[in-house]
There are 2 protein chains.
Amino acid sequence: MRVRNPDKVQLVKQKAIELIVKDGFEGFSMNKLAKACSISVATLYIYYKDRDDLILNVAMEEGEMMAKAMINGFDPNMHFEQGLRRQWQNRYQYMMDNPVMNTFFDQLRTSSYQDKFLAGFLADFKIIMSKFMHNIIQRGEIEPMPFEVYWSVAFAPLYNLVRFDNEGQSMTGKPFKLTDEVLWQTFNLVVKALKK
Amino acid sequence: MRVRNPDKVQLVKQKAIELIVKDGFEGFSMNKLAKACSISVATLYIYYKDRDDLILNVAMEEGEMMAKAMINGFDPNMHFEQGLRRQWQNRYQYMMDNPVMNTFFDQLRTSSYQDKFLAGFLADFKIIMSKFMHNIIQRGEIEPMPFEVYWSVAFAPLYNLVRFDNEGQSMTGKPFKLTDEVLWQTFNLVVKALKK
DNA sequence: AATATAAATGAATATTCATTTATTTATAAA
DNA sequence: TTTATAAATAAATGAATATTCATTTATATT
């Protein structure tokens, strides 16, 4: 029995993300993907049931890897500032290591795949996140607030900085590079906002 | 000479946004748009050069309207808290009045139209924004910081709240509705972060 | 009322799309 | 070495795509 070529499988995943990030979902097609991988388009249908199955599988796989990277060394019983710093560190690290993934996840979030994607990979992740928030509220480290408010203040600035970094140049026309210094400067502002 | 029907032109714009928001760019087509408007697809090519021209024109037009709504009653010489509150108010108002536009702009930002879109409608807008920041820094109302940091802390939480609101339910599973109370609670945290 | 002209259209075009079919190729097990 | 089986492919399928063409329709100007 002929065995499946793992390099080819890997290549398909990588090129799929590359193409989608470059051209958006509207410019992505099975034929283009096959051509970019120098394989037959029929081979894609051996690996995946159909186009949606391909996209969702690639997305979920990467989503799980990101979720793992995010909770690395993190414990919901940590103190507020210590825990939040760890989460910023993890996200920053992941984003620097995987510069295209942020765009990819942004595209998924604003596409018709949103529901299935979010439903899938966030399962365990969101539990640990809200447990942390409840802990630090109960310990009186931050004021009580809805989860959505906490999340928006605690993480939205970070994601926005990464987006600025990806775009290279921001609204001022000057180039922008997200450095360690800028990251922790922003982190300190966020802590100041949330800390009692 | 026959005159162009303005209702029809308006209908095309409105339906285009509706369809794109509902199905994403990947599910949008000229034929579907024509059918949704009950007009001939050839008519679309009287109004616009091609598909890209249509999408970009609709996007830019809406972008300019949003930019106008954002600086309504705002002056870059305002004091920090007063000016920022006005901007939050304007954005909140616009988003409540145009619930689909946020999704639409998010889709544009993560699509292949990103560059042309951002380049277009932000021209005047970004000048007034960075002038405001420089003023409040010079007056010593906030610490000096890169524009990207200021923007990310000042506005990213707001945009994130609106996104949670649009999605209806967030990570906790409970439904989330962005109310005045939640908005200004978040605003106060952001002010706390930035104010000296 | 006649004319000129752009709007609007229905039907056609060529191209690209996702998916399938028939066939060949590689390899694990016999 | 033979056999069985899944991998891999080239080519083909019909449906959907963006765009164009030939024609008709409405209206402002003469």
Side-chain angles (χ1 to χ4, degrees), chain A residues 1-61 104 107-108 111-114 116-117, chain B residues 1-61 104 107-108 111-114 116-117:
Chain A
M1 188 187 74
R2 190 171 181 178
V3 71
R4 192 176 290 190
N5 184 343
D7 294 348
K8 210 167 276 186
V9 177
Q10 184 53 36
L11 184 68
V12 167
K13 289 179 200 163
Q14 183 209 313
K15 289 283 178 192
I17 294 171
E18 271 178 33
L19 287 180
I20 292 169
V21 166
K22 184 157 69 72
D23 304 328
F25 283 109
E26 74 271 19
F28 175 79
S29 82
M30 301 296 271
N31 292 310
K32 282 184 191 168
L33 176 58
K35 193 158 283 179
C37 297
S38 304
I39 64 170
S40 163
V41 62
T43 304
L44 297 175
Y45 287 86
I46 296 171
Y47 298 165
Y48 303 98
K49 192 166 97 28
D50 55 29
R51 179 193 146 105
D52 280 7
D53 186 51
L54 184 153
I55 291 172
L56 270 173
N57 265 287
V58 172
M60 305 273 271
E61 212 163 308
F104 184 55
Q107 288 172 314
L108 281 167
S111 76
S112 44
Y113 302 100
Q114 185 192 33
K116 284 176 187 169
F117 174 63
Chain B
M1 188 187 75
R2 189 169 179 181
V3 71
R4 191 176 291 189
N5 184 343
D7 294 348
K8 210 167 277 187
V9 177
Q10 183 54 35
L11 184 68
V12 167
K13 289 179 201 164
Q14 182 208 315
K15 288 283 177 192
I17 294 170
E18 272 178 32
L19 286 180
I20 292 169
V21 166
K22 184 157 68 72
D23 304 328
F25 284 110
E26 75 269 22
F28 174 80
S29 84
M30 300 296 271
N31 291 311
K32 282 183 192 168
L33 176 57
K35 192 159 282 176
C37 298
S38 304
I39 63 171
S40 163
V41 62
T43 305
L44 296 175
Y45 287 86
I46 295 171
Y47 297 164
Y48 302 100
K49 191 166 99 26
D50 54 29
R51 180 192 145 106
D52 281 7
D53 186 52
L54 184 151
I55 291 172
L56 270 172
N57 266 287
V58 172
M60 305 272 271
E61 213 163 305
F104 185 54
Q107 289 172 314
L108 281 166
S111 76
S112 45
Y113 303 101
Q114 184 191 35
K116 285 175 186 168
F117 174 63

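Letters A, B, ... mirror the listed sequences (proteins, then strands); counts begin at 1.
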- [ ] Check the side chains of B:E18 and B:Q14 for a donor-acceptor pair under 3.5 angstrom, ignoring hydrogens and angles.
- [x] yes
- [ ] For B:E26 and C:dA18, give me the distance from atom CD to atom P, rounded to whole Å.
- [x] 12 Å
Restricting both atoms to N or O, compile the protein contacts to nucleotides 12-19 of chain D shorter than 3.5 Å, with distance only.
from   : atom 1 : to    : atom 2 : distance (Å)
D:dA18 : OP1    : B:M30 : N      : 3.4
D:dA18 : OP1    : B:R51 : NH1    : 2.9
D:dA18 : OP2    : B:M30 : N      : 2.9
D:dT19 : OP2    : B:Y45 : OH     : 2.7
D:dT19 : OP2    : B:R51 : N      : 2.8
D:dT19 : O5'    : B:Y45 : OH     : 3.3

- [ ] To the nearest 0.5 Å, tell me how far A:D53 CG sits from A:Y48 OH.
- [x] 8.0 Å
Open item on the list: For a side chain to side chain contact (heavy atoms under 4.5 Å, CB included) check, start with the C-alpha distance between B:Y113 and B:L56, then their side-chain angles and the critical distance, and finish with the verdict.
Closed with: CA-CA 7 Å; B:Y113 303 101; B:L56 270 172; 4.2 Å; yes
Task: Euclidean distance, atom CG of residue A:L44 to atom P of D:dA10 [Å, nearest integer] - done: 13 Å
Task: Straight-line distance of B:I17 CD1 to B:F104 CZ, nearest 0.5 Å - done: 5.0 Å
Open item on the list: With a 3.5 Å distance limit and no angle check, can you tell me whether B:K32 reaches the backbone of B:G27 through a side-chain donor-acceptor pair?
Closed with: yes
TODO: In sequence, state the C-alpha distance, the side-chain angles, and the governing distance for B:K116 and B:D52, and then conclude on side chain to side chain contact (heavy atoms under 4.5 Å, CB included).
DONE: CA-CA 11 Å; B:K116 285 175 186 168; B:D52 281 7; 5.8 Å; no
Open item on the list: Donor-acceptor pair, distance only, cut-off 3.5 Å: does the side chain of A:E26 make one with the backbone of B:F28?
Closed with: no
Task: Any A:Y47 side-chain N or O less than 4.0 Å from OP1/OP2 of D:dA7 - done: no
Open item on the list: Measuring from atom CG of A:L11 to atom CD1 of A:I39, what distance do you get when rounded to the nearest 0.5 angstrom?
Closed with: 7.5 Å
Open item on the list: Just the rounded figure in Å: distance from C1' of C:dA26 to CD1 of A:I46.
Closed with: 13 Å
Open item on the list: Expected output is a numbered-order residue list: members of residues 1-14 of chain B with a heavy atom under 4.0 Å from any atom of DNA chain C. What is it?
Closed with: B:M1, B:R2, B:V3, B:R4, B:N5, B:K8
